[in-house]
Amino acid sequence: MSDQTTETPNTEQSESQDLHRLELQRRANRDDIAALGLLPYGQRTDDLINLEQAHSAYDQAADQANKDANQARKQAKRDNPEITESDLPELVDDRPRVKVAGRVVLARDNGKLVWLNLRDHSRDAFQIAVSKRDCDEQGFGLAKKLDLGDIVIAEGPLTMTNTGEVTCWADTLVPASKCLVPPPEKHAGLTDTEMRYRQRYLDMWVNPETTRVFMLRGELMKALRSNLDRLGFVEVDTPVLQTQAGGAAARPFFTHMNALDIPLSLRIAPELYLKRLLVGGMPRVFEVSRNFRNEGLDKSHNPEFTSLELYQAFGNYETMREIAEGLVREMAQTASHATGSSVDSMPFGDLNINYEAPFERVTYKELFKNALGFEFDDLDRAREEATKRGFKTKSEDGTPIADIFVVNELFEEVAEATIDPSKPTFVLDYPAALSPLTRPKADTMNDTIPLAERWDLFIGGMEIGPAYTELNDPDIQEAKFREQLAGVDDEESTFRNFDEDFINALKVGMPPAGGLGLGIDRLVMLLSNSRTIRDVLPFPMMRPRAD
RNA sequence: AGGAGCGUAGCUCAAUCGGUAGAGCAUCGGCCUUUUAAGCCGCAGGUUCAGGGUUCGAGUCCCUGCGCUCCUACCA
């Protein structure tokens, strides 16, 4: 339109003034690329191979033969500058050709020869040479206009440079996408943790290790599902939106359903629904469950997190121990292949964890005695020891805290710390009072502290998950629920409730069963040597930006 | 929730006792056909997180707010 010049739209002008100068330069480069007749944002491209595949496709003999033939032709021309094309030695080029795409992470412009380092999920750097002589004109023009962070597609034969680097000597180069945002510093990278989590997409290509962890996580989930499939477990999906959040003691998130005008909670655990499926007759079920708990954030807690829960009819907590050990070991083997470490010595911080040896087993009772020096049911000693160590033995209002909580406080603070963090360890037979969904051990019912058929698995100083012989007697279950509810204060009672339908399900009859829960995020932390849960979650919870 | 620390150029970081806000990389202009964090020459780039206070003078000291990090607490 010719009358465009009459008036510059004010809005457009002020918008472009608001953009950072570095972005404006990149937008100008994008226009220049379009002016070359290229599509700055690319299009469907078939037959791409990844950068690792391209790198390993190099054929040294073919490359050498090509170099020798070129040398011979040069020599022939030197010997006889008048030589005709047909008299020149034959061209030899059996070099494998590759067609690859990647993000430009480094560029070295030597004038008529531009070197690019591309990155993709498979390889941190793969070199492309774009020469004025050998690349098509548009491609060479593109190479001169690229910004760090752009995505390009290159095609050409593989050769080796004088300095020994396998390189795609491009004869075509086309754009695939434009990076309008100035990327982080090219060797220090992006270290600002806040920006890494908020702009994960940027973190992922700048710091390839981030992407590797997420890819490993996917591999581990595949290994998990394959393992459970072989054991005959069926994957199911139970409600995330629940009228009452049960199966654990945690503060839920609340929401509201308009159609039925009812309050709903996001699940804190899938347990009570999975057991209903056992009642219905499914023999072995599992769910990879996203759970939501309205509690604090720290390096091993995110408000939404992933657990594996599985239930096996006619199993018990011993069955679950065998399954858990096999599953964790197999996932560790998967991780060891991916990371190149050895299953008997997987690094986690300063530790080297052995997943190959049979996991340790110790009872709650033994661990307590070894750590504290007296029996866990010596309640007087326990209270005395707790006082000595400055643990709370009375609640705010002055009433004494129940014996079992005093004992367990000692266990968690003193005994758990004595577990060797480099040896996966099952702690067996917990006090029944701490496990309301677990079948009590019949022969301990008259002891000072009755026990339940429950274990907890500890690895690397973290609690990875519990398993039970499930309580399937509706009367005992109901009594335990009522006992739990009696002990809660007013605040807690707003979200603790009695799941009558679950009791009804047990009345219909649930087969004896074993059940298992594993913290998937923590397991991925261990197997990817990640220090915090945020490093195994692509988008961890962050406070929204104030502006 | 409590304690400690941090916030400076697009990024990574400096700035002595409170005294002219700097460097490297990236960007921009010039040169370069075997570079590897390419190199050489030149230019430009700042509301020092926001707001207030003390002071002749504040990136620096004080207060408030925002955000992040670490520790502790909470978390079956």
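Naming: A, B, ... by sequence-line order, numbering from 1 per chain.
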Quick one: the side chain of A:Thr161 and the base of B:U35, do they pair up donor-acceptor inside 3.5 Å?
yes
Here the distance between atom P of B:A76 and atom CD of A:Glu409, to the nearest Å, is 12 Å
Tell me the partner of B:G39, counting only Watson-Crick (N1-N3 plus N6-O4 or O6-N4) or G-U wobble (N1-O2 and O6-N3) with both under 3.5 Å; none if nothing fits.
B:C31
OP1 or OP2 of B:A38 less than 4.0 angstrom from a side-chain nitrogen or oxygen of A:Lys186, does that happen here?
yes
Ion pair check, A:Asp63 and A:Lys67, cut-off under 4.0 Å
yes
Where the side chain of A:Asn110 is concerned, which of B:A38, B:G10, B:C70 is the nearest nucleotide?
B:A38
Phosphate contact (B:C28 OP1 or OP2) by A:Asn29 side-chain N/O below 4.0 Å
yes
Of all the nucleotides listed (B:A76, B:U33, B:C68), which has the minimum atom distance to the side chain of A:Pro436?
B:A76
Could you tell me whether the phosphate oxygens of B:U12, OP1 or OP2, come under 4.0 Å of any side-chain nitrogen or oxygen in A:Thr191?
yes
Name the one of A:Arg26, A:Lys178, A:Arg30 that satisfies side chain to side chain donor-acceptor pair (under 3.5 Å) with A:Asp147?
A:Lys178
Whole-Å gap separating C1' (B:U35) and CH2 (A:Trp115)
5 Å
Is A:Lys299 near enough to B:C71 that one of its side-chain N or O atoms lies under 4.0 angstrom from OP1 or OP2?
yes
Looking at A:Glu287 and A:Arg267, does any basic side-chain N land under 4.0 Å from a carboxylate oxygen?
yes
Could you pick out which residue, A:Arg531 or A:Ala248, lies toward the 5' side of RNA chain B when each is mapped onto its nearest nucleotide?
A:Arg531
Taking only the P atom of each, what is the distance from B:U69 to B:G10 in whole angstrom?
22 Å
Whole-angstrom distance between B:C25 and B:G45, as gauged at atom C1'
14 Å
If you look at every strand shown and take non-hydrogen atoms under 4.0 Å, does A:Leu22 touch a base, only sugar-phosphate, or nothing?
base
Out of B:A76, B:A38, B:C13, whichever nucleotide has its closest atom nearest the side chain of A:Leu106
B:A38
Of all the choices, B:U34, B:C11, B:C68, which nucleotide is nearest to the side chain of A:Leu113 once you look at every atom?
B:U34
Closest approach to the side chain of A:Ala249, judged atom by atom: which nucleotide of B:U33, B:U69, B:A76 is it?
B:A76
Using the C1' atoms only, state how far B:G53 lies from B:U60, rounded to an integer number of Å.
15 Å
How many Å lie between CG on A:Leu297 and P on B:U72, as a whole number?
16 Å
Mind telling me whether B:C17 is syn or anti, cutoff 90° either side of 0?
syn
Has A:Arg108 got a side-chain N or O lying under 4.0 Å from the OP1 or OP2 atom of B:G39?
no
Strand partner of B:C56, provided both Watson-Crick or wobble distances fall under 3.5 Å
B:G19
Rounding to an integer number of angstrom, what distance separates B:G30 and B:U35 when you compare their P atoms?
24 Å
State, without any angle test, whether A:Asp535 and A:Tyr197 hold a side-chain donor-acceptor pair at a distance under 3.5 Å.
yes
A:Met195 CE - B:A9 C1' separation (whole Å):
13 Å
Can you confirm whether A:Val414 sits close enough to A:Arg389 that some side-chain heavy atom of one is under 4.5 Å from a side-chain heavy atom of the other?
yes
Looking at B:U34, B:C68, B:A73, which one has an atom nearest to any side-chain atom of A:Asp298?
B:A73
First encountered from the 5' end of RNA chain B, between A:Leu437 and A:Lys145
A:Lys145
What is the distance, to the nearest angstrom, from the CG atom on A:Leu180 to the C1' atom on B:G10?
14 Å
Paired nucleotide for B:C6 [Watson-Crick or G-U wobble; both distances under 3.5 Å]:
B:G67
Say we look at B:U72 and B:U54: how far apart would their P atoms be, to the nearest angstrom?
41 Å
Selected nucleotide, minimal atom distance to A:Glu185 side chain, candidates B:U69, B:U35, B:G24
B:G24
Separation of B:G10 atom C1' from A:Arg26 atom CZ, nearest Å, is 9 Å
Would you say A:Arg133 reaches B:U33's phosphate, i.e. side-chain N/O to OP1/OP2 under 4.0 Å?
no
Using a strict cut-off of less than 4.0 Å between a Lys/Arg side-chain nitrogen and an Asp/Glu carboxylate oxygen, indicate whether A:Glu453 and A:Arg439 qualify as a salt bridge.
no
Distance, P atom - from B:G2 to B:U64, rounded to whole angstrom
13 Å
Using the C1' atom as the point on both nucleotides, what is the distance between B:G67 and B:A50, in whole Å?
11 Å
Among the candidates B:C68, B:U35, B:U33, find the nucleotide nearest to the side-chain atoms of A:Lys132.
B:U33
Could you tell me whether A:Asp109 contacts a base, only the sugar-phosphate backbone, or nothing, with contacts defined as non-hydrogen atoms closer than 4.0 Å?
base
Quantified in whole Å, what is the C1' atom distance between nucleotide B:A23 and nucleotide B:G3?
35 Å
Among B:C28, B:A26, B:C68, the nucleotide that comes nearest once only the side chain of A:Arg198 is considered:
B:C68
Are any of the side-chain heavy atoms of A:Val100 and A:Asn50 separated by less than 4.5 Å?
no
Could a donor-acceptor pair under 3.5 angstrom be found where the side chain of A:Gln127 meets the base of B:U35?
yes
Give a yes/no answer on whether the side chain of A:His20 brings an N or O atom under 4.0 Å of OP1 or OP2 in B:G10.
yes
Base B:A76 paired with A:Gln484 side chain (donor-acceptor, <3.5 Å):
yes
Could you state the atom-to-atom distance from CE of A:Met541 to P of B:C75 in whole Å?
21 Å
What integer distance in Å separates A:Leu190:CG from B:C13:P?
10 Å
Please lay out, stage by stage, how A:Glu165 and A:Met160 fare under the test side-chain contact (heavy atoms from CB on, under 4.5 Å).
CA-CA 5 Å; A:Glu165 178 140 359; A:Met160 186 174 276; 5.9 Å; no
Of the nucleotides B:U35, B:G45, B:C11, which one has an atom closest to the side chain of A:Pro184?
B:C11
Any side-chain heavy-atom pair from A:Ile533 and A:His301 closer than 4.5 angstrom?
no
Please classify the nucleic acid contact of A:Arg534 as base, sugar-phosphate, or nothing, using heavy-atom distances under 4.0 Å.
sugar-phosphate
